[in-house]
Amino acid sequence: MDMDIDIHTDTAVGIEEMRRELRALTDRAEIADLLDRYLRSLDEGPLDEEWARAFHTEDVTAEMPVGTVSGRDDLLATVRRAMALFERTVHLGSNTVIELDGDRATARGAQLSTHVLADGSEEVFVSAGHTESELVTPAGWRISATALRVAWTQGTPPDLASQG
């Protein structure tokens, strides 16, 4: 029985496979962390230009319950207006599935958002749905496109007309 095994070739292949697996695990962890920090930032702020750059590409597109926007500056302005409708919030994300494709990725997860209205009523408005995001990594993972699709709500929604 001939047992010629090229240990060097097997080792090189094994190391390369380990590198790919480690890169995939690292990418998934970085994306999951980005998405978690994003939801937490909605509750804690500040919602400023540094915030927008930390999470989004310059040409980001976003479908949100308050409308669809294109570009980081428009996204920032829209998120600020939307969050001003609430005194306090808690945003939770879970069940996120991340698919990697080189320097691009997609993520789909569930989102539950609890809001106390800022109109003085202390009424609670809850929304739940799914998020779909596209991410790229030009210099760290960033969201290049996102959509929040609300499946249900409970409570009194905010008065969007009061946004001006």
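The figures that follow rest on heavy atoms only: side chains count, while hydrogens, waters and symmetry mates do not. Computed from a predicted structure; not experimentally measured.
Between F86 and L117 there is a side-chain heavy-atom pair separated by less than 4.5 Å. In this structure the side chain of R37 reaches within 4.5 angstrom of the side chain of D33, judged on heavy atoms. Side-chain atoms of R53 and R142, non-hydrogen and from C-beta on, never get closer than 4.5 Å to each other. Counting only heavy atoms from C-beta outward, the side chains of M64 and L75 approach each other to under 4.5 Å. Looking at heavy atoms from C-beta onward, V126 lies in side-chain contact with L112 at the 4.5 angstrom threshold. Counting heavy atoms from C-beta on, the side chains of L34 and I31 never come closer than 4.5 Å. Counting heavy atoms from C-beta outward, T96 and D36 have side chains that stay 4.5 Å or more apart. Contact of the T106 side chain with the E132 side chain is not registered, since no non-hydrogen atoms from C-beta on lie closer than 4.5 Å.
A distance of 9.5 Å separates CD in E63 from OG in S70, rounded to the nearest 0.5 Å. To the nearest 0.5 Å, atoms OG1 (T57) and CD (E134) are separated by 10.0 Å. Between the CG atom in N95 and the NE2 atom in H130 there is a gap of 7.5 Å [rounded to 0.5 Å]. Separation of atoms CE (M18) and CD (E16) is listed at 10.5 Å; rounding is to 0.5 Å. Residue T131 holds its OG1 atom at 11.5 Å from NE2 of H91, rounded to the nearest 0.5 Å. Of the inter-residue distances, the one linking T114 atom OG1 with D43 atom CG reads 9.0 Å to the nearest 0.5 angstrom.
Taking every heavy atom of both residues into account, G102 and D27 meet most closely at O-OD2, 4.5 Å. Shown here for A118 and A84, the closest heavy-atom pair between the two residues is CB-O, 3.7 Å. Considering all non-hydrogen atoms of both residues, L100 and A105 come closest at CD2-CB, 3.9 Å. Contact detail for S41 and W51: the closest heavy-atom pair is OG-NE1, 2.7 Å. Considering every non-hydrogen atom in both I98 and A107, the closest pair reads CG1-CB, 4.2 Å. The two residues A145 and V60 come nearest to each other via the heavy atoms N-CG2, 4.1 Å.
Put simply, L76 and L148 are part of two different groups of oily side chains (I, L, V, M, F, W, Y) that touch within less than 4.5 Å, one to the next. Under the 4.5 Å side-chain contact rule for hydrophobic residues, V116 and L47 do not share a cluster.
Using a 4.0 Å cut-off between charged side-chain N and carboxylate O, E99 and R108 make no salt bridge.
The side-chain contact (heavy atoms from CB on, under 4.5 Å) search around T146 returns A62, S133, I143, not counting sequence neighbours.
Within 6.0 Å of CZ on R40 lie no more than 12 heavy atoms contributed by other residues, nucleotides or ligands. Within 6.0 Å of atom CD in E50, 12 or fewer heavy atoms from other residues, nucleotides or ligands are found, so the atom counts as exposed in its surroundings.
For the residue pair T156 and E123, a side-chain donor N or O sits within less than 3.5 Å of a side-chain acceptor on the partner.
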